[in-house]
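Working notes, structure below.
Quick note: residue numbers are just sequence positions, from 1.
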Amino acid sequence: MKRLWTPAWIARHVAMVVLVVGFLGLGWWQVTRAASGNTLSFGYAIEWPVFAGFVVFLWWREVRHTLRGTDADRPTAPPATAGSDPAAATPGVRRPVRVSRVPVPADGAEDGELAEYNHYLSWLNANPGARPGDYPG
């Protein structure tokens, strides 16, 4: 709990209280305006307490994050030996699988549209001042 009483955290606590009280005060002000006949103020009367709730949510999330500590405070897993399976050493981490989204022809032939597009891109690269509409192809 000492981590929450540093000067930076005291400033955060004060800012949270000031913002929540201010937002709820503005919400009450909009309620009184709405009661006097300003129909637009009904929307603002709902909006300001939502802002106050959002400030409390962010403050609470930061408090929980700080109390959990840094990675240096957490115990680390034992190092893996040379013969062990790397997936067993890091149970939550898996290697990404690369999947080809466009099937490649088995005979090595290039796709016609892809060849045209690559030719278009090489033409644009060779003519840096040209616009795409100037392409002769």
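- Rounded to the nearest 0.5 Å, atoms CG (L19) and CG (L58) are 10.5 Å apart.
- The minimum heavy-atom distance linking V31 with A45 is given by the pair CG2-CB, 3.6 Å.
- Here CG of N127 is found 9.5 Å from OG of S122. Values are rounded to the nearest 0.5 Å.
- Distance check, rounded to the nearest 0.5 Å: CZ of R68 to NE2 of H65 gives 8.0 Å.
- Aromatic rings of F51 and W48 (six-membered ring for Trp) have centroids within the 6.0 Å cut-off, being under it.
- Nearest heavy-atom pair, A52 versus V20, reported as atom, atom and distance to 0.1 Å: O-CG2, 3.8 Å.
- With rounding to the nearest 0.5 Å, the separation of CG in L40 from CD in Q30 is 8.0 Å.
- Looking only at distances, no side-chain donor or acceptor of N38 sits under 3.5 Å from a matching main-chain atom of A34.
- Closest non-hydrogen pair, P49 versus G27, comes out as CD-CA, 4.4 Å.
- For L67 against R3, the heavy-atom pair with the smallest separation is O-NH2, 3.5 Å.
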Begin from the C-alpha positions of W28 and L24 and carry the test side-chain contact (heavy atoms from CB on, under 4.5 Å) through to its verdict. CA-CA 6 Å; W28 182 252; L24 291 177; over 6 Å; no

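- Geometrically, R33 engages W29 in a cation-pi contact, judged by NZ or CZ lying under 6.0 Å from the ring centre and within 45° of the ring axis.
- Between Y135 and H119 the shortest heavy-atom distance is OH-ND1, 2.8 Å.
- For W9, the side-chain contact (heavy atoms from CB on, under 4.5 Å) test picks out L4, T6, R12, H13, W59, E62, V63, T66, with sequence neighbours left out.
- Note on V17: it clusters hydrophobically with V55, by side-chain heavy-atom contacts below 4.5 Å among ILVMFWY residues.
- Rounded to the nearest 0.5 Å, atoms CD (E113) and OH (Y120) are 15.0 Å apart.
- Under the 4.5 Å side-chain contact rule for hydrophobic residues, F23 and I46 do not share a cluster.
- A continuous path of Ile, Leu, Val, Met, Phe, Trp and Tyr side chains, each step under 4.5 Å between heavy atoms, connects Y44 with V21, placing both in one hydrophobic cluster.
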